[in-house]
**Q** 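I have a structure I would like to understand better, so I am pasting it below and will then ask my questions one at a time.
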Amino acid sequence: MFIKIVNESNNPLPHYSTEMSAGMDLRAFLQEPVVLKPLERKLIPTGLYIELPKGFEAQIRPRSGLAIKKGVTVLNTPGTIDADYRGEIKVILINLSQEDFVIENGERICQMVIATHETVEWNLVEELNETQRGAGGFGHTGKN
Ligand SMILES: O=c1ccn([C@H]2C[C@H](O)[C@@H](COP(=O)(O)OP(=O)(O)OP(=O)(O)O)O2)c(=O)[nH]1
Ligand SMILES: [Mg+2]
């Protein structure tokens with residue numbers, strides 16, 4: 001399917017790097033490099049604006065390579081881009097390493113997955129149906 005996109009950066013459009021990739025890497029759109037000090041977080045622009053159809057969302061997720069090699073991740077992962085959002089897609093990066101991390105223009109900082117979602121209405125009731133699990137959770141299974 002085709003999705004409208006505006007690209008005000010000088011970087012290439014996001015693309016799937018293999019035939020069955022779920023995510024497309026997004027690149028930082030910067031006039032000059034940005035430094036993230038240890039534990040520092042910053043909002044990084046991409047220069048991209050998209051128009052998703054109703055019932056779709058875009059998820060902003062970390063890149064595993066950046067996470068394992070540099071300790072840099074997306075703070076609010078998965079970030080949510082709503083279908084009615086018309087602003088610039090921005091990425092909240094945080095540096096969880098003990099060294100400065102320098103972000104250059106055009107660097108691939110995260111990935112974006114386009115997904116469908118439901119829109120529901122609540123059916124407010126007094127009680128829910130019974131199940132084998134019931135209220136058990138948080139490591140409940142496997143215990144005697
Ligand atoms: O990583 C992100 C997350 C969100 N957004 C944009 C698109 C999204 O549709 C909008 C609102 O995001 P969210 O609902 O997560 O933020 P909020 O803090 O709840 O703000 P709002 O009150 O505007 O919904 O901000 C981004 O560009 N990047
Ligand atoms: Mg919100």
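Each residue takes its place number in the sequence, starting with 1. Below, each value reflects all heavy atoms present in this structure, side chains not excepted, and no hydrogens, waters or symmetry copies. Every number for a ligand or one of its atoms is a count from 1 in the order of the listing.
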**Q** Checking K4 now: which residues fulfil salt bridge (charged side-chain N to carboxylate O under 4.0 Å, His left out) with it, not counting sequence neighbours?
**A** E51
**Q** For M20, which residues count as a side chain to side chain contact (heavy atoms under 4.5 Å, CB included) partner, sequence neighbours excluded?
**A** none
**Q** What are the two closest non-hydrogen atoms of L30 and I103, and how far apart are they?
**A** CD1-O, 3.4 Å
**Q** To the closest 0.5 Å, what do you measure between CG (N10) and CG (N105)?
**A** 5.0 Å
**Q** Kindly write out the residues that satisfy salt bridge (charged side-chain N to carboxylate O under 4.0 Å, His left out) with E40, not counting sequence neighbours, or none if the list is empty.
**A** K42
**Q** How long is the straight-line distance from CD of E126 back to CG of L124, given to the nearest 0.5 Å?
**A** 7.0 Å
**Q** Applying a heavy-atom distance cut-off of 4.0 Å, which protein residues contact ligand 1?
**A** N76, G79, T80, I81, D82, Y85, E88, I89, K90
